[in-house]
Every structure is written in structure tokens, then in C-alpha cells.
Amino acid sequence: MRRTERYRLFIDYFSEHQPVAETELTYENPYQLLVAVILSAQCTDKRVNLTTPALFDRFPTPYDLANSHFEELQPFLRSISYPNNKTRHLLGMAKMLTEEFGGEVPEDAALLQKLPGVGRKTANVIASVIYNQPKMAVDTHVFRVSKRLGLVDQKLKTPLEVEKQLMRHIPETYVAVAHHWLILHGRYTCLARRPKCEVCPLTHFCRYYEKHGAGGII
DNA sequence: ATCCCGAGGG
DNA sequence: CCCTCTGGAT
């Protein structure tokens with residue numbers, strides 16, 4: 001099957017069954033989403049959402065965060081992964097945001113990536129969700145699922161390579177929603193360890209299923 | 001044991 | 001390219 005055909009089947013299915021797909025992180029403004037996405041590295045959204053209410057209550061603006069310090073902030077992040085790194089990231093991010101960007105979250109992905117704790121994936125999420133830019137953030141789910149489905153070469157080794165191939169094939173107007181489709185599919189069906197092929201609606205064009213069959217283990 | 005909407009540093 | 005960070009869920 002040709003690659004363009006896989007994209008058509010993928011988009012057709014989710015357009016029909018999941019026309020609206022958005023992030024599960026809870027946030028009320030760009031600053032809050034930026035913080036939430038930074039915290040979400042190697043951590044479930046559910047756990048981030050348990051952490052952020054107290055955090056946003058104590059630090060409602062980047063200025064509050066910038067005026068804090070490690071010992072005060074770190075306890076808020078104790079129950080998520082990499083609390084020490086993320087404490088440093090948030091403090092550095094807030095400092096740069098307030099000192100260089102007037103407290104506003106920048107729109108440009110290249111500027112976003114200058115912020116401590118913000119890599120390409122996080123920058124693309126912000127640019128896409130907050131500023132409606134056609135950016136594909138490649139996280140662990142997008143990386144795994146797009147390869148399994150055969151949307152990109154299975155041998156690709158970096159998220160950037162996967163991002164480029166996806167962007168080459170997905171129409172701009174579908175990039176944002178397709179990102180969330182890949183996330184949702186990876187989180188609830190195409191699981192990393194034991195994908196639920198028996199209930200997956202995409203097996204008729206999935207390269208992973210074609211190769212491993214039902215119940216195939218990685 | 002392996003993974004979770006990664007980033008930074010070597 | 002690799003490694004480290006590092007809590008919680010399965």
C-alpha cells in the first residue's frame with residue numbers, strides 16, 4: 001500500500017469518529033499551558049493535572065514564578081518525574097519570559113525553544129495549540145504510532161525526522177488535529193508495550209499489524 | 001521491567 | 001549519537 005493511501009485512511013477514519021481532539025492538560029492561559037507541557041515530559045497528563053492547580057494558585061503569573069526560588073518551588077513538583085530538573089526549568093523559563101519577552105509567551109517556535117525546559121516538542125505544542133500554527137509535536141506516542149501505522153519510515157531514528165515526514169504528507173489544516181489523533185491512538189489503543197490490535201479500527205492498513213498479526217508483541 | 005505528550009548536556 | 005534526570009503506573 002502506498003504511503004499517501006495510509007494517510008487518507010488515517011484521516012478519513014478519525015475525521016469520521018473523532019472530529020474534535022484536544023489536549024487533556026488543564027490550563028486557562030498560554031502561561032499555564034507552557035508550564036503544564038514542560039511538566040508533562042515523561043509524565044502522564046493526569047498526574048500533571050493533579051500537580052498544577054496548587055502551582056497555579058501560588059504562582060498565577062510568570063512574575064510570581066520568577067520571584068520564587070528552588071526551595072520554595074521544588075515541593076510543588078515532588079510527585080512528578082524529574083522534579084529537580086523541572087524546578088530549574090520553570091524558574092529559568094519564568095526568568096527569561098519576564099526579562100526578555102515582557103511576560104508574554106512568544107509565538108515563534110524558535111523563540112520558544114530559547115526558553116529553559118522548552119525543546120522542539122514543547123515549542124511545537126505551544127505554537128500549535130495557542131497560536132494555531134501548523135506544527136507537529138513529535139512525542140513518544142506520535143513517534144511510535146506513526147511508524148507502526150506506516151505513515152513514516154519504520155527506520156527513522158529521531159523525532160525531527162518523523163516530524164518532517166509527517167509534515168510532508170498531512171495537509172496543513174489537519175496537522176493540529178492529526179497530532180492529537182496520534183496521541184489518543186497511542187495512549188488508549190496502540191500502547192507501547194502491548195498494543196490493543198484486537199480492538200484497533202486501523203489494522204486493515206497498519207504495517208505493524210500486517211507484520212505481527214493480532215496480539216503481536218513489539 | 002518498561003513506559004509516561006522530553007530536555008539538556010556530553 | 002549517547003546518557004542522565006527520576007516519580008508513578010502497569
Side-chain angles (χ1 to χ4, degrees), chain A residues 14 18 20-27 30 32-52 54-55 70 73-97 109-130 133-149 151-152 155-163 166-167 170 175-196 208 215-218:
Chain A
F14 281 107
Q18 186 87 31
V20 177
E22 297 173 351
T23 179
E24 293 182 7
L25 293 170
T26 56
Y27 67 99
Q32 289 191 358
L33 181 64
L34 180 56
V35 170
V37 177
I38 289 174
L39 296 184
S40 74
Q42 296 301 105
C43 189
T44 60
D45 287 3
K46 191 175 293 183
R47 179 136 298 275
V48 172
N49 290 337
L50 290 174
T51 301
T52 47
L55 190 63
F70 187 94
L73 179 57
Q74 201 267 2
F76 285 85
L77 309 182
R78 283 243 166 88
S79 67
I80 62 173
S81 53
Y82 315 139
N84 296 335
N85 280 348
K86 286 172 180 175
T87 298
R88 284 186 277 271
H89 288 161
L90 289 190
L91 291 173
M93 178 276 284
K95 181 176 168 67
M96 186 178 291
L97 207 57
L111 288 181
L112 282 163
Q113 280 189 74
K114 291 180 182 292
L115 296 167
V118 180
R120 189 177 185 90
K121 179 261 173 179
T122 300
N124 281 352
V125 169
I126 301 300
S128 174
V129 174
I130 300 295
Q133 297 173 36
K135 299 284 189 180
M136 176 60 72
V138 178
D139 55 51
T140 180
H141 290 312
V142 174
F143 189 76
R144 178 182 72 255
V145 173
S146 58
K147 289 208 286 187
R148 280 185 180 166
L149 287 177
L151 298 178
V152 302
K155 61 188 175 189
L156 295 187
K157 294 201 171 176
T158 70
L160 181 57
E161 292 173 317
V162 171
E163 177 186 330
L166 288 172
M167 290 299 289
I170 301 177
V175 169
V177 73
H179 165 72
H180 292 297
W181 287 338
L182 290 166
I183 299 285
L184 291 173
H185 191 59
R187 182 179 298 165
Y188 297 113
T189 305
C190 197
L191 309 185
R193 277 172 272 196
R194 195 197 182 291
K196 300 180 177 177
Y208 177 92
I217 306 297
I218 304 181

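Sequence lines set the chain letters: A, B, ... in the order given, protein chains first and strands last, and positions in each chain run from 1.
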How would you label the contact of [X] with the nucleic acid (heavy atoms, under 4.0 Å): base, sugar-phosphate, or nothing?
{"X": "Thr122(A)", "result": "sugar-phosphate"}
{"X": "Ser81(A)", "result": "base"}
{"X": "Pro116(A)", "result": "sugar-phosphate"}
{"X": "Asn85(A)", "result": "base"}
{"X": "Arg187(A)", "result": "base"}
{"X": "Ile183(A)", "result": "base"}
{"X": "Val48(A)", "result": "nothing"}
{"X": "Arg88(A)", "result": "nothing"}
{"X": "Lys86(A)", "result": "nothing"}

In whole Å, I'd like the distance from the [atom1] atom of [X] to the [atom2] atom of [N].
{"X": "Leu34(A)", "N": "dC5(B)", "atom1": "CG", "atom2": "P", "answer": "18 Å"}
{"X": "Leu191(A)", "N": "dC5(B)", "atom1": "CG", "atom2": "P", "answer": "10 Å"}
{"X": "Leu184(A)", "N": "dC4(B)", "atom1": "CG", "atom2": "P", "answer": "14 Å"}
{"X": "Leu33(A)", "N": "dC5(B)", "atom1": "CG", "atom2": "C1'", "answer": "11 Å"}
{"X": "Glu24(A)", "N": "dC4(B)", "atom1": "CD", "atom2": "P", "answer": "14 Å"}
{"X": "Leu39(A)", "N": "dA7(B)", "atom1": "CG", "atom2": "P", "answer": "12 Å"}
{"X": "Ile126(A)", "N": "dC5(B)", "atom1": "CD1", "atom2": "P", "answer": "16 Å"}
{"X": "His179(A)", "N": "dG6(B)", "atom1": "NE2", "atom2": "P", "answer": "10 Å"}

Would you say His89(A) places a side-chain N or O within less than 4.0 Å of OP1 or OP2 belonging to dA7(B)?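 Indeed not, no polar side-chain atom of His89(A) lies that close.
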Integer angstrom distance from the [atom1] of [N] to that of [M]:
{"N": "dA9(C)", "M": "dA7(B)", "atom1": "P", "value": "23 Å"}
{"N": "dT6(C)", "M": "dG10(B)", "atom1": "P", "value": "16 Å"}
{"N": "dC5(B)", "M": "dC1(C)", "atom1": "P", "value": "23 Å"}

Item to complete: Please tell me which of Cys43(A) and Val118(A) maps to the more 5' nucleotide of DNA chain B, matching each residue to the nucleotide holding its nearest heavy atom.
Response: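 Its nearest nucleotide lies further toward 5', so the answer is Cys43(A).
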Main-chain N/O of [Y] paired to [X] side chain as donor or acceptor, under 3.5 Å:
{"X": "Arg144(A)", "Y": "Cys190(A)", "result": "yes"}
{"X": "Lys196(A)", "Y": "Leu191(A)", "result": "no"}
{"X": "Trp181(A)", "Y": "Gln18(A)", "result": "yes"}
{"X": "Asn49(A)", "Y": "Glu24(A)", "result": "yes"}
{"X": "Arg187(A)", "Y": "His141(A)", "result": "no"}
{"X": "Lys86(A)", "Y": "Leu39(A)", "result": "yes"}

side-chain contact (heavy atoms from CB on, under 4.5 Å) test vs Leu33(A) passes for just one of Ile38(A), Thr26(A), Val129(A), namely Val129(A)
Heavy-atom nearest pair, Val48(A) first then Ser40(A), reads CG2-CA, 3.6 Å
Nearest listed nucleotide, side chain of Arg193(A), among dG6(B), dC3(B), dG8(B)
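Of all the options, the side chain of Arg193(A) is nearest to dC3(B).
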Taken in chain and number order and not counting sequence neighbours, the residues that satisfy side-chain contact (heavy atoms from CB on, under 4.5 Å) with Glu161(A) are Leu156(A), Lys157(A), Thr158(A)
_Leading and trailing nucleotides of DNA chain C with any atom under 4.0 Å from heavy atoms of chain A_ =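 First-to-last contact on DNA chain C, by the 4.0 Å heavy-atom rule, is dC1(C) to dT10(C).
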Note to self: With the six-membered base ring of dG6(B) as reference, does the ring of Tyr82(A) sit under 5.5 Å away with planes under 30° apart?
What the structure shows: yes
